[in-house]
2 protein chains.
Amino acid sequence: MATRQGFARSGGRPTLEEVAARAGVGRGTVSRVINGSPRVSDATREAVERAIAELGYVPNNAARALAANRTEAIALVIPEPGPRVFTEPYFAEIVRGVSAALADTSLQLLLTMAGSDRERRGLADYFGAHRVDGVLFVSLHADDPLPDLLDQLAIPTVVSGPRSADEPLASVDSDNAGGARLAVSHLLARGRTKIAAITGKLDVYGAQRRLAGYRETLADAGVGVDETLIEPGDFSEESGRLAMEALLARRPDLDAVFAASDVMAAGARQVLRESGRRIPEDVALIGYDDSPIARHLDPQLTSVRQPIAEMGRAMTEILLADIADPRPAAARRLDRPQLVLPSELMVRASS
Amino acid sequence: MATRQGFARSGGRPTLEEVAARAGVGRGTVSRVINGSPRVSDATREAVERAIAELGYVPNNAARALAANRTEAIALVIPEPGPRVFTEPYFAEIVRGVSAALADTSLQLLLTMAGSDRERRGLADYFGAHRVDGVLFVSLHADDPLPDLLDQLAIPTVVSGPRSADEPLASVDSDNAGGARLAVSHLLARGRTKIAAITGKLDVYGAQRRLAGYRETLADAGVGVDETLIEPGDFSEESGRLAMEALLARRPDLDAVFAASDVMAAGARQVLRESGRRIPEDVALIGYDDSPIARHLDPQLTSVRQPIAEMGRAMTEILLADIADPRPAAARRLDRPQLVLPSELMVRASS
DNA sequence: ATCGCCGATGGGAGCGCTCCCACGGTACCT
DNA sequence: AGGTACCGTGGGAGCGCTCCCATCGGCGAT
């Protein structure tokens, strides 16, 4: 293998200069070939490419980064919370999407889990020191100062769920309202009319949107929204249980439940069972996220699936476009995409 | 905040040189302070540190890497397989452990998902080009050429599960045999004697060890190993189903099942239910991995928990120690740790 | 008082690359 | 023929840091 011979012969790694010498051209020309500049004749390009192959040359990233003041790396920041948040494969799916989008570029993915405030402070310095070309944020908290700091530093940034309806940064989201609409429409189509909702934490924008979708669908269908059928949760199983108990106490006549997460649906299911109700005969149940739990619940849980990997991919593509955009930060700031990807209803036995 | 002022004033980021000027010392001295060299007087060190704080100086990684021929980064390589392998939070847990171990260092974590052969070839060049100081491998395939290549290149490497009993690279593993032993002992203690095993893919070393633990425990207890009670699976739910059917056909009298993964246990559970058997009254069931599914199965599944995050942490610590080891590669190669971390049995309703 | 030694320090010489200016050559115009 | 535009190209000048050698004092030993 040519590559390996290259290593062995020189002892160290071949440099640009050596490639240039071998190809009989100057450093600048080799650099142009490597960077795909059009200002190189075909013959020269070919000669350079041959020399690169023969020597097994691979550019030194550090040198490039230093000389060009780029880093060839983007960071994925995950505000790492308690140990068990990764119970759902959300994070892994995002990473999959991101790294798929990165596959044909030469960019590196830097993973940053920053739970504590101290760590986040470090990050600010870190990003400020120009150590990444762009930053991807996953599941951002509404009160996180980091994104705004990045904005000031003019570092391209994309977040994975807008923090509000007027998110200032570029963002990618799944259609939470649409997902809820799918679920509720499906229940209506099945003849259910007393459809309860267990919401997520309502300071999370996505949870608001899911609730909004629920409301809109019922209103549009002429069924009307009954506030006694709505109970807040916080995405946890325990909160699903509690919400279900409250709902049942208030509205024992309900015939369907739309929970804003599978985990809450699992809690609700337990309470429904204990109350002697059958699923879906007496009460239909729908969750959200299409997590692995959904498929293992008994009965299998109908759930709304978000295209998580696609979201990761889309975030990355938006980020890359922003990085590549030659206009000054002020101009780029003007047209920041707010992408919303459609959700899908996975119909199973529980509805 | 001093840091922010620093940015604003200079327009660009402060450099070593500026810090040196401000502290009234030479570049070399500042460099020594930053790198914690002892050959600096206390007074000077203090003056330099003050200048650093005042300017909000953060070293430029690329420049350091270039000058020192280090990279300040380690790679975590995940042989990305099909879309759905991340169904279990294994990967996320490993990342948690790794990044926890990295938290007090200044090293960066580079995430590399390399599924296709083409990507892996790229990786070889990439690592060869000295772009990382060390590499962490997760769930390595037995026939992967990459680790050996890294070994030749003398790049420190740690793998997360040895590929065989005589793994040449440093490795960290959970005690698979011990985990199986816990499970089987527990079943024996509950009075079960006809304990079946559904194994994982036996070309995976961990699966072999789990089966070995099962065998040893039965042998030690004087119960004896009955080969008709052993059926191979491949870690998938479907294979769990098939294996359970085969076992039931052959040994309808079995009173317990130890499955080498929760997912297979879920498949087995379904078949047991369909056959009219009650869990755990008629047949006790134990899984492996303590995945989220375990807690959501009905009845909740007893399962063996591996300390995954701790494994990630341990891998990283071993890697860092290897990177820091000043001895030549040949010497380092001699004492490569093979760490085995204990597993734990999470007892739930199914056993 | 002189010498030698050692710890503390300054700063030159790169690390491998990109950027950019300058140069020779060709093609086309007047 | 002379001029003007480019195009493709070479190579100097750094990017910000670490390494390492030279230097400078101060100290105890002689």
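The sequence lines fix the lettering, A, B, ..., with proteins before strands; numbering per chain opens at 1.
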*Which part of the nucleic acid, if any, lies within contact of B/R64, taking any heavy atom under 4.0 Å across all strands shown: a base, the sugar-phosphate backbone alone, or nothing?*
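Answer is sugar-phosphate: B/R64 comes under 4.0 Å of backbone atoms only.
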_Touch class at under 4.0 angstrom, heavy-atom based, for B/N69 against every strand present_ = nothing
*Under the salt bridge (charged side-chain N to carboxylate O under 4.0 Å, His left out) rule, collect the residues that match up with B/D322, sequence neighbours excluded.*
B/R332
*State which residues pass salt bridge (charged side-chain N to carboxylate O under 4.0 Å, His left out) with B/R45; sequence neighbours excluded, sorted by chain then number.*
none
With [X] via side-chain hydrogen bond (donor to acceptor under 3.5 Å, both in side chains) - residues at least two apart:
{"X": "A/T316", "result": "none"}
{"X": "A/N35", "result": "A/S31, A/R64"}
{"X": "B/S171", "result": "B/Q338"}

*Closer to the 5' end of DNA chain C via nearest nucleotide, is it A/L16 or A/R32?*
A/L16
*Starting from the 5' end of DNA chain C, give me the residue, A/G28 or B/A68, whose nearest nucleotide shows up first.*
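In this pair, the answer is B/A68.
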With sequence neighbours left out, write down each residue that passes side chain to side chain contact (heavy atoms under 4.5 Å, CB included) with [X], or none if nothing qualifies.
{"X": "B/P168", "answer": "B/R163"}
{"X": "A/A324", "answer": "none"}
{"X": "A/A67", "answer": "none"}
{"X": "A/A100", "answer": "A/R313"}

*Mind grabbing the angle between the end helix axes of the helix from C/dA1-D/dT30 to C/dT30-D/dA1? Five pairs an end, 10° rounding.*
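Helix axis angle between the two ends: 50°.
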*Please find the earliest and latest nucleotides of DNA chain C, in the 5' to 3' direction, that have an atom within less than 4.0 Å of any heavy atom of chain B.*
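Listed 5' to 3', the contact boundaries are C/dG7 to C/dG16.
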Between the protein and nucleotides 24-26 of chain D, are there any N/O to N/O pairs under 3.5 Å, and if so, what are the atom names and distances?
none

*Which value, rounded to the nearest 0.5 Å, describes the distance between A/Q108 atom CD and A/T71 atom OG1?*
8.0 Å
